[in-house]
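Some notes on the structure that comes next.
Read the numbers this way: they start at 1 and go in the same order the structure lists the ligands and their atoms. No experiment lies behind these values; they were computed from the predicted model shown. Quick note: numbers below take in every heavy atom, side chains included, and nothing from hydrogens, waters or symmetry partners.
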Amino acid sequence: MVTNNNVLIEINSLKKYFPVRSGIFLRVKKYVRAVDGVDLVIKRNETLALVGESGCGKTTIGRTILHLTEPTDGEVVFEGKNLTNASKEELMQLRKGMQIVFQNPYTSLHPRKLVKDIVGEPLKIHTNLSSVEILNKVKETLESVGLREEHMYRYPHEFSGGQRQRIAVARAIILKPKFIVLDEPTSALDVSVQARILNLLNELKEELSLTYLFITHDLAVVDYMADRVAVMYLGKIVELGKKDDIFSKPTHPYTRVLEAAIPIPDPFFKKEKILPKGEVPDPANPPKGCRFHTRCDYSIDKCEKVEPVLENIEGEHYVACHRWREIYK
Ligand SMILES: Nc1ncnc2c1ncn2[C@@H]1O[C@H](COP(=O)(O)OP(=O)(O)OP(=O)(O)O)[C@@H](O)[C@H]1O
Ligand SMILES: [Mg+2]
């Protein structure tokens, strides 16, 4: 275990398998290996972006780190405290420091609760503040996310998507957490609104010394937000490094495909789109050896048999690929 003051969260061999039931007796026939052995360190005050195609396990990692879903195996250590064997009371205490903002602001806020109650709820659960004190804190917090006092007495449906996401952010920061999982927080929003929310998140990060795990499939957003990037494929991290290294020297063939697919804003510039060939394999039955070998142009015999582990390329840049020496130039 790394005991380093720069480390906020340490994730060791994390696994989350979901049972798949089928047949008339709904027996468990197989397991979706949503997260399949992830080791990751999240440093204090960084924004670590987690990217990958739909279904690769990004949300599951986020939820499992917070123990909103119990891991199947492995452990999560937050500021030196192991969440995995914490008691209910300890977990409750640790949760104050860790929050989440979900992708869809239309479904993540309780439709029949007033904004003051939605945003004030964590204070009600975790503190002994009086209702007047809670109201004051809610007002202050709403102001810090660009909303006003009058908004406290409205319901979620009276707000736009961007405003709803501000409400969700207010609820996430009201307990002054250290860590927030941002699960595609702007992907349901218009581009102009998206930029404002991203700016707000960056400002709050500075003001409150926050650490973010920023889940997204949008590499333009990664470029704007992230310090480091972890690339995920079928439940595993395949490449990890500083954003600049990942963008200037993408090394895993999967990362290269993702980067090649970033849209270019110039309509006259036609970029050749390289998409990974073939279908995304079944996460309940991932390919043997390297999980990407079925879609990879660099695949050799070894890739079909031996699972690659993350290897250090240079500095903080890691990749899980048998062919990285040929690719990395
Ligand atoms: N509660 C659940 N029960 C069963 N399977 C699940 C459950 N949650 C997720 N899965 C499966 O686990 C895999 C990973 O899902 P996850 O939601 O973590 O992916 P994701 O990377 O967040 O995708 P997206 O980009 O679409 O949000 C998928 O195959 C999904 O179908
Ligand atoms: Mg998701």
No-hydrogen, no-angle side-chain donor-acceptor test under 3.5 Å, [X] and [Y]:
{"X": "Asn202", "Y": "Tyr212", "result": "no"}
{"X": "Glu239", "Y": "His317", "result": "yes"}
{"X": "Asn12", "Y": "Glu10", "result": "yes"}

Taking only heavy atoms of [X], which atoms of ligand 1 are found under 4.0 Å from at least one of them?
{"X": "Glu184", "result": "25 (O)"}
{"X": "Ala34", "result": "12 (O), 13 (C), 14 (C)"}
{"X": "Thr59", "result": "17 (O), 18 (O), 20 (P), 22 (O), 27 (O)"}

Could you tell me whether atom 31 (O) of ligand 1 has a protein heavy atom closer than 4.0 Å? no
Considering all protein heavy atoms, does one lie under 4.0 Å from atom 2 (C) of ligand 1? yes
Ligand 1 to Gln103 polar contact by distance, N or O atoms, under 3.5 Å: no
Near the Mg ion (ligand 2), is there an N/O/S atom from Thr59 that is less than 2.8 Å away? yes
His322/Tyr298 under ring pair (Phe, Tyr, Trp, His ring centres under 6.0 Å): CA gap, chis, key distance, verdict: CA-CA 9 Å; His322 295 307; Tyr298 294 85; over 10 Å; no
among protein heavy atoms, the one nearest atom 18 (O) of ligand 1 is Thr60 OG1, 2.5 Å
Could you check atom 26 (O) of ligand 1 against the protein and tell me its nearest heavy-atom contact, residue, atom and distance included? Ser54 OG, 2.5 Å
Please determine whether any non-hydrogen atom of Pro283 lies less than 4.0 Å from an atom of ligand 1. yes
For Glu121, the option from Arg171, Lys137, Lys113 that meets salt bridge (charged side-chain N to carboxylate O under 4.0 Å, His left out): Lys113
Under-4.0 Å heavy-atom contact with ligand 1, by part of Val32 that carries it: side chain
